[in-house]
Number of protein chains: 2
Amino acid sequence: MRYSQQRQLIREIVTRTNSHPTADWIFKQTKKIIPNISLGTVYRNLKQLEEKGEIDTIYDGNIVRYDWNVESHDHLKCTECGDLIDIHFKHDKFKSIVKRKFKFDANSVEMKIIGTCSKHAKK
Amino acid sequence: MRYSQQRQLIREIVTRTNSHPTADWIFKQTKKIIPNISLGTVYRNLKQLEEKGEIDTIYDGNIVRYDWNVESHDHLKCTECGDLIDIHFKHDKFKSIVKRKFKFDANSVEMKIIGTCSKHAKK
DNA sequence: ATAGTAAATAGTAATCATTCCTATTATTAT
DNA sequence: ATAATAATAGGAATGATTACTATTTACTAT
Ligand SMILES: [Mn+2]
Ligand SMILES: [Mn+2]
Ligand SMILES: [Zn+2]
Ligand SMILES: [Zn+2]
């Protein structure tokens, strides 16, 4: 895989963003630096970066987001502001339970907790 | 909301299917009974049934599925055959942890365990 | 440094799932 | 049975993503 300014910029933008951005948001950011970059280039490179294991794709309902954090982790989804917050849980117990009860070989666990975040606390 | 043959048929098909069917699969099934039903009718009714709380929408990666089981539950996703299997876990512990550590008010928890199901057991 | 090559891009067209639109049909209250 | 109007069929529109292709760019060997 050959170097390209576009891919490097996309990589940097995703890497310094904690908000699990969408392809379109990333596209808008890249355009500030490379005004004639095309949306197809953003999609193609996001897919390649995922294939290389540099980033993860996250399906937030029907919205596709990207995550620089490729370590297994979970998310809190706020229904008020839409934010997706990282959180880390241990899932070994669940993996062993499904192995015993369903003979299911678990590779990974994804957990999403839906609710309202601290920004909207009642006074 | 007025009765319609189409909605009733869609409701019955979803209710007797455990495989978390897609809109298109449901459409094909309904066409066996009402050959000139339209795909828009299927989508419109699935949305209405969800709004009435009769069914749930499930986002399986980028695939949208429907579930007659509206009680909170989790899923095992088999990467070999694509099956989505129901499983029920208690999540109270997680809800209290995020409340304490993040002041996050949890309403519901969705958990997906990815791996291979018993159908593909090594001999 | 120069030239050859193949990868990557920009711009645009195509695809796919879903939603929207509207003339017609079906259901329900009277 | 009739009137009112909710629901449908069929097709157009939308939005996100992918595919196509002529041109540009990065790397390699001279
Ligand atoms: Mn994350
Ligand atoms: Mn289910
Ligand atoms: Zn929030
Ligand atoms: Zn399987």
Side-chain angles (χ1 to χ4, degrees), chain A residues 1-15 17 19-68 77 82 84 112, chain B residues 1-15 17 19-68 77 82 84 112:
Chain A
M1 182 184 278
R2 185 177 286 195
Y3 171 90
S4 83
Q5 291 184 201
Q6 289 86 344
R7 182 180 306 120
Q8 183 52 29
L9 178 57
I10 291 163
R11 187 183 353 247
E12 284 168 6
I13 286 171
V14 174
T15 304
T17 304
S19 58
H20 305 90
T22 62
D24 198 61
W25 186 91
I26 296 163
F27 175 55
K28 290 194 178 92
Q29 301 308 123
T30 58
K31 272 175 68 151
K32 293 176 181 173
I33 313 294
I34 305 176
N36 70 332
I37 194 172
S38 80
L39 183 54
T41 295
V42 173
Y43 275 109
R44 176 164 23 81
N45 280 293
L46 286 170
K47 180 162 289 185
Q48 288 171 339
L49 291 171
E50 153 148 83
E51 282 164 2
K52 290 196 69 182
E54 295 194 41
I55 65 176
D56 264 358
T57 302
I58 292 193
Y59 298 93
D60 176 20
N62 51 7
I63 301 167
V64 177
R65 300 178 175 282
Y66 297 90
D67 198 336
W68 58 267
K77 169 71 176 182
L84 208 56
K112 181 158 63 168
Chain B
M1 181 185 279
R2 186 179 282 194
Y3 171 90
S4 83
Q5 292 183 197
Q6 288 85 343
R7 181 180 307 119
Q8 183 52 29
L9 178 58
I10 291 162
R11 185 181 358 242
E12 284 168 7
I13 286 171
V14 175
T15 303
T17 304
S19 58
H20 305 89
T22 62
D24 198 61
W25 186 91
I26 295 163
F27 176 55
K28 289 192 178 94
Q29 301 305 309
T30 58
K31 271 174 70 151
K32 293 176 181 174
I33 313 293
I34 305 177
N36 69 331
I37 194 171
S38 79
L39 183 54
T41 294
V42 172
Y43 275 109
R44 177 166 20 82
N45 280 294
L46 286 170
K47 180 161 286 182
Q48 289 171 337
L49 291 171
E50 155 149 80
E51 282 164 2
K52 291 196 70 182
E54 295 192 44
I55 65 176
D56 264 357
T57 302
I58 293 193
Y59 298 92
D60 176 19
N62 52 6
I63 300 166
V64 177
R65 299 179 174 280
Y66 297 89
D67 197 336
W68 59 265
K77 169 73 175 181
L84 208 55
K112 183 160 61 169

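All figures in this text were calculated on a predicted structure; none of them were measured in a lab. So you know, we letter chains A, B, ... as the sequences are listed, proteins then strands, and number each from 1.
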Might you list the N or O atoms of the protein lying below 3.5 Å from N or O atoms in nucleotides 10-14 of chain D, with each pair's distance?
from	atom 1	to	atom 2	distance (Å)
D:dG10	OP2	B:N36	O	3.1

Check your understanding: About how many Å separate CD of B:Q5 and OG1 of B:T30, when rounded to the nearest 0.5 Å?
Key ->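 If we round to the nearest 0.5 Å, B:T30:OG1 and B:Q5:CD are 12.0 Å apart.
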Please state how far atom [atom1] in [X] lies from atom [atom2] in [N], giving the value in whole angstrom units.
| X | N | atom1 | atom2 | result |
| --- | --- | --- | --- | --- |
| B:F27 | C:dT18 | CZ | C1' | 13 Å |
| B:Q48 | C:dT19 | CD | C1' | 13 Å |
| A:I63 | C:dT18 | CD1 | P | 15 Å |
| B:Q6 | C:dT24 | CD | C1' | 13 Å |
| A:L46 | C:dT9 | CG | C1' | 15 Å |

Partners passing side chain to side chain donor-acceptor pair (under 3.5 Å) against [X] (at least two apart in sequence or in another chain):
| X | answer |
| --- | --- |
| A:T15 | none |
| B:T41 | B:S38, B:R44 |
| B:Q29 | B:K32 |

Can you sort out the partners of [X] under salt bridge (charged side-chain N to carboxylate O under 4.0 Å, His left out), two or more places apart, ordered by chain and number?
| X | value |
| --- | --- |
| B:K28 | B:D24 |
| A:D60 | A:R65, A:K77, A:K112 |
| A:K31 | none |
| A:R11 | A:E54 |

Check your understanding: To the nearest 10 degrees, what angle separates the axes at the start and end of the helix from C:dA1-D:dT30 to C:dT30-D:dA1, five pairs each?
Key ->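 The value is 40°.
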Point to revise | ring-ring contact (aromatic ring centres under 6.0 Å, His included) pairs, two or more places apart, involving residues 19-52 of chain B | key: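 Residue pairs with at least one partner in residues 19-52 of chain B: B:H20-B:H75.
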Exercise for review: Only counting residues at least two apart or in another chain, list the ones meeting side-chain contact (heavy atoms from CB on, under 4.5 Å) with A:I33.
Suggested key: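 A:L9.
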Practice item. Give a yes/no answer on whether the side chain of A:Q5 brings an N or O atom under 4.0 Å of OP1 or OP2 in C:dA8. Key: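 A:Q5 to C:dA8 OP1/OP2: no side-chain N or O under 4.0 Å.
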Review point. Using a cut-off of less than 4.0 Å, is there contact between a side-chain N or O of A:N45 and OP1 or OP2 of C:dT9?
Key: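 A:N45 to C:dT9 OP1/OP2: side-chain N or O found under 4.0 Å.
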Please list, for nucleotides 28-30 of chain C, all pairs of protein and nucleotide N/O atoms separated by less than 3.5 Å.
from	atom 1	to	atom 2	distance (Å)
C:dT28	OP1	B:Y3	N	3.2

Review point. Within the distance-only criterion (no hydrogens, no angle test), does the side chain of A:R7 pair as donor or acceptor with the backbone N or O of A:R2 below 3.5 angstrom?
Key: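 The answer is yes, because a donor-acceptor pair under 3.5 Å joins these two groups.
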